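In what follows, residues are counted from 1 in the order of the sequence shown. In each ligand, atom 1 is the first atom listed, and ligand 1 is the first ligand listed. The shown structure was predicted, so the numbers you read here are calculated from the model rather than taken from an experiment.
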Amino acid sequence: MERAPIFNTRKKSGSFSSSSSVGDEKHGLLPLANHQKPKIRVRTLLGHCLYRRVIIWTIAVLSILGLTASTTGVRLRHGRILDFVDFGQGGPDSRGRGEEGITFVVTAPGRDGSEAQDSEPSYQDDQGDEEILHGWLEFRHLDGYFTGIKALVSPQHYTAEYPQPQGAKQTVPTPTMSRMPTPTAYVPYPDYDSRQYLDRYHEVEVCYLDKEKTTPAPNLYAYNGVVQGQPEPVVGSHSLLGLRDDICFDRFGRYGPYGFGYSNSDGGLEVGMDTEQEASHPVWAKTGKINYSGMDWGDAQDRCYNSNRRRFIGAGGDWSTHAPSGRAKISRTAIVVRTYIGVEWTPHVILNFRALISELALRSGGEYGVHFLLHVRDDDAPIWADAAVAQQVLDDYVPLEFHSICTLWSEAQMRLLYPGSFGESFSDPSNADIHGVYRSAHMPLQDFAMKHPEYAHFWNWEMDMRFLGNYYELFDRLGAWAKEQTRMEMWERAQKYYIPRYHGSWDNFTRVVHDEIITSGRGSVLGPVDFPGRFPTRAEQSGQTFLPHSCYRARNGDEMWNRCGVGEDADLITLNPLFDTDESGWVFAEDVTGYDRALPIPPRRCAIVTASRLSRRLLEIMHEETWRMHHAMFSEMFPASMALHHGLKAVYAPHPVYLDREWDLQSVDAAFNGGRDHSTSGHGSPFGFENEHNHKGATWYYHSEFAGLLWRRWLGYAQMDGRGDNGGRFGSGKLRGGREEEESRGATGRMCLRSMLVHPIKWENPADLE
Ligand SMILES: *[C@@H]1O[C@H](CO)[C@@H](O)[C@H](O)[C@H]1NC(C)=O
Ligand SMILES: *[C@@H]1O[C@H](CO)[C@@H](O)[C@H](O)[C@H]1NC(C)=O
């Protein structure tokens with residue numbers, strides 16, 4: 001069937017430019033640009049946007065014309081994974097073999113102006129209803145998300161609209177409309193002043209936003225309680241990971257401390273002021289409206305770290321794990337945010353990164369460091385030769401307050417770092433450069449890790465992710481939970497979505513997985529895997545292993561279970577399951593390069609969405625495999641496959657993910673664990689080309705639609721509710737939410753949600769699209 005490429009022209013430039021799409025940006029580093037003091041004041045944001053829009057529009061228009069002229073295939077919009085698929089077309093060098101004998105031709109980013117395609121995902125650009133049945137569209141839309149804060153109840157009185165245990169059909173009490181509750185400061189940090197903390201660790205010095213030490217990094221605010229009827233996450237769990245589920249966050253409590261809800265003249269960002277704001281003032285009662293003009297986040301991070309350096313392993317080249325006093329030192333984690341030229345730094349984007357830095361780096365006393373890896377697309381730009389050139393890039397493309405935490409990189413730099421031939425790929429659907437960000441996003445991260453020995457772990461993070469909650473709580477709890485997981489059957493648990501209302505407790509889930517392994521007869525993976533053509537790393541050649549001693553000392557199965565890997569920091573933490581790509585139908589399943597193609601393709605694992613935490617030793621292995629063996633795999637697949645090959649500890653952390661509709665739980669499991677052995681692996685995988693649409697109503701997936709809808713409603717903007725005929729479609733239905741509705745008589749006010757990750761957030765304030 002023929003179909004013209006569909007561009008989502010509804011959206012204007014704002015949505016195009018914030019693409020994490022395809023490939024943009026993954027980060028590398030350039031020491032030069034780091035910590036340079038800005039010389040030239042950045043232009044106003046507005047000036048910026050206009051400038052960029054002209055270029056983006058030009059590219060968009062040209063590429064629309066180009067594609068219309070040259071393409072007849074079905075258009076699939078695939079966030080950053082896949083740009084367009086064209087059945088049966090394309091030259092001999094741009095052809096890959098898909099699962100059911102379909103020939104995929106996927107255009108590489110940057111070659112066809114595809115960045116400009118990055119707009120909100122929509123159902124229309126899916127493969128088409130004629131071919132794929134979107135059964136889930138028939139489920140009723142859930143309403144409970146949109147009830148406001150005046151319906152706040154204590155956890156004992158709360159009943160979720162969804163999900164209910166199988167068979168149960170409880171009625172949700174009608175929300176009571178009462179007075180506005182009062183938020184309180186939310187502090188999910190260790191009690192740094194407590195005896196218990198100080199007995200074990202070094203004192204923590206308070207960190208300030210300013211040099212004069214007048215403004216300590218602020219707290220965000222939360223409400224105690226849950227909004228009546230609000231749905232619970234279907235996949236993943238707060239309580240399992242140690243995230244609070246008895247509190248909720250509104251937009252003022254979350255962002256008010258960082259410049260939301262007050263004007264430029266007060267040092268704010270002048271957003272949120274046009275939304276409903278009843279009783280929002282307690283957020284500023286203690287600190288006042290913080291004046292962020294003149295903020296320099298790199299300077300604040302450095303001051304914070306320097307005043308706390310005694311706390312950390314590796315500070316000043318001292319790698320001891322304990323201070324002379326006997327108190328333990330802790331390791332540090334970098335958050336490495338991939339950014340690129342062309343990102344639109346709207347006030348909401350700025351808020352997100354202020355929150356990230358303040359909550360992770362400053363309020364923690366320097367335990368985390370936040371960095372931007374800024375991808376300079378122009379390979380000819382002499383960003384290393386001349387500081388003024390690098391400075392000009394920053395001046396043109398990055399708000400001044402973030403200049404000092406940017407590291408510039410380019411693909412030309414990756415070609416220099418990893419020279420030599422990588423050989424033929426098993427399949428290369430994108431036909432993109434092996435050193436390019438699309439296929440090898442990890443390369444600049446590897447390099448960053450090699451140049452930053454002060455960090456033990458690295459979160460790869462992207463511009464279009466948001467955490468509705470406190471970032472420290474998220475990252476700290478994920479790390480702690482991952483550390484406690486046993487290595488026994490670790491890969492098998494990690495390949496399956498955890499659906500608490502369906503699987504019961506985590507223990508039950510663990511038993512279910514165990515039984516499935518027995519039934520499958522496939523056995524479970526423990527330690528490094530062998531396969532034809534495998535090369536040992538230098539560490540392996542010298543007899544080292546990554547399996548901890550605890551795995552060798554156990555005398556029986558129970559001991560093995562309780563000890564092997566328990567207490568060992570994870571080398572890889574992902575936010576979606578780690579699936580076996582073989583026969584999964586995932587388009588890039590065989591984009592594997594540098595191995596002997598006469599031999600079977602090596603075993604692989606993959607997690608969609610590159611957001612993940614990688615350990616230094618995993619990055620070292622990846623680095624060595626890249627420069628020494630010339631091995632490469634598609635971006636989402638390389639870290640997990642290296643962890644698999646070398647016996648590193650990898651976990652999928654089942655963070656809370658919500659669905660927009662009332663799926664029955666059986667169907668959730670069937671759709672999301674529909675692969676081999678009731679997992680996400682192999683044939684029937686939810687990440688297969690034909691199954692991915694199931695994620696569109698979820699809050700976390702690269703082409704999710706619900707994430708953006710929910711987020712913007714929570715921010716206080718009216719949105720089309722996506723309801724209507726045939727199950728509704730994104731952008732259709734009625735305009736709901738926003739100031740008028742939230743303020744109307746008898747309404748329950750603004751939304752207050754429990755913590756969650758949302759992705760992708762391509763635009764926030766609808767005004768930014770104009
Ligand atoms: C905010 O800080 C800037 C620069 O530090 C200063 O010029 C301005 O007057 C301050 N604004 C307010 C409202 O205090
Ligand atoms: C354990 O999980 C299985 C599979 O989902 C389910 O059938 C069973 O009821 C659960 N048991 C408990 C005690 O939750």
Side-chain angles (χ1 to χ4, degrees), residues 37-38 40-45 160 162-168 208-218 232-237 239-240 256-273 281 283-300 303 347 350-351 354 358 399-404 489 492-520 577 652 654 657 659 663-681 684 686:
K37 295 297 164 250
I40 307 169
R41 292 259 133 188
V42 79
R43 300 172 207 180
T44 67
L45 280 170
Y162 173 81
Q164 304 285 349
Q166 292 298 61
Y208 296 85
L209 299 178
D210 58 330
K211 280 194 184 59
E212 296 71 33
K213 300 193 174 181
T214 56
T215 314
E232 283 178 1
V234 187
V235 167
S237 158
S239 58
L240 175 68
Y258 308 113
F260 180 90
Y262 55 99
S263 66
N264 289 146
S265 59
D266 285 338
L269 283 165
E270 202 129 359
V271 283
M273 299 168 71
H281 51 274
V283 171
W284 301 293
K286 219 164 159 185
T287 59
K289 292 175 173 168
I290 295 174
N291 180 359
Y292 280 94
S293 31
M295 189 64 211
D296 178 345
W297 291 102
D299 187 49
R303 280 186 279 104
I350 291 172
L351 280 169
R354 286 179 179 177
S358 181
L400 185 61
E401 64 190 87
F402 301 118
H403 279 196
S404 51
E489 298 177 1
E492 290 74 26
R493 280 191 303 281
Q495 69 179 345
K496 193 171 165 87
Y497 274 116
Y498 172 45
I499 305 158
R501 291 285 177 185
Y502 183 75
H503 294 119
S505 66
W506 182 253
D507 279 350
N508 191 52
F509 177 76
T510 301
R511 265 194 300 276
V512 168
V513 172
H514 178 75
D515 293 344
E516 284 166 357
I517 295 169
I518 307 276
T519 310
S520 74
Y652 149 54
V657 174
L659 291 177
W663 291 59
D664 69 81
L665 293 168
Q666 198 88 38
S667 303
V668 177
D669 187 60
F672 289 88
N673 287 319
R676 190 180 68 213
D677 310 329
H678 307 285
S679 75
T680 63
S681 289

Proximity winner for atom 13 (C) of ligand 2, if only heavy atoms of I499, D507, N508, L665 are counted
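Answer by nearest heavy atom: N508.
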
Does the protein put a heavy atom under 4.0 Å from atom 11 (N) of ligand 2?
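There is a protein heavy atom less than 4.0 Å from atom 11 (N) of ligand 2.
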
Kindly state if atom 5 (O) of ligand 2 has a protein heavy atom within a strict 4.0 Å cut-off, that is, under 4.0 Å?
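Protein heavy atoms within 4.0 Å of atom 5 (O) of ligand 2 - there is at least one.
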
State plainly whether the residues D299 and R303 are in salt-bridge range, i.e. N to O under 4.0 Å.
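Judged by the 4.0 Å cut-off on N to carboxylate O distance, D299 and R303 do form a salt bridge.
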
Classify the angle between the aromatic ring planes of W506 and Y498 as parallel (below 30°), tilted (30 to 60°) or perpendicular (above 60°).
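Ring orientation, 0 to 90° scale: perpendicular.
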
Protein residue, atom and distance nearest to atom 3 (C) of ligand 1, heavy-atom basis:
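The closest one turns out to be S293 OG, 3.4 Å.
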
Give me the residue, atom name and distance of the protein heavy atom closest to atom 2 (O) of ligand 1.
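Closest protein heavy atom to atom 2 (O) of ligand 1: N291 ND2, 2.4 Å.
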
Only heavy atoms of V512, strictly under 4.0 Å: list the atoms of ligand 2 that pass.
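Every atom of ligand 2 under 4.0 Å from some heavy atom of V512: 1 (C), 2 (O), 3 (C), 4 (C).
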
With heavy-atom distances below 4.0 Å as the criterion, list the atoms of ligand 2 near G504.
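Numbered from 1, ligand 2 contributes 14 (O).
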
Polar side-chain atom of N673 near backbone of K496 as donor-acceptor pair, under 3.5 Å
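Such a contact is absent between N673 side chain and K496 backbone.
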
Strictly distance-based, threshold 3.5 Å: is any side-chain N or O of T680 a donor or acceptor partner for the main-chain N or O of Q495?
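Side chain of T680 to backbone of Q495: a pair is present.
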
Nearest 0.5 Å, please: how far is CG in D210 from OH in Y292?
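The OH atom of Y292 sits 10.5 Å away from the CG atom of D210.
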
Suppose I only count heavy atoms of S265 and a 4.0 Å limit; which atoms of ligand 1 are within that range?
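What qualifies from ligand 1 is 13 (C).
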
E489: salt bridge (charged side-chain N to carboxylate O under 4.0 Å, His left out) partners, not counting sequence neighbours:
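E489 satisfies salt bridge (charged side-chain N to carboxylate O under 4.0 Å, His left out) with no other residue.
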
Sub-3.5 Å N/O-N/O distance, Y502 and ligand 2
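By distance alone, the answer is yes.
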
Partners passing side-chain hydrogen bond (donor to acceptor under 3.5 Å, both in side chains) against W297 (at least two apart in sequence or in another chain):
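side-chain hydrogen bond (donor to acceptor under 3.5 Å, both in side chains) list for W297, sorted by chain: E401.
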
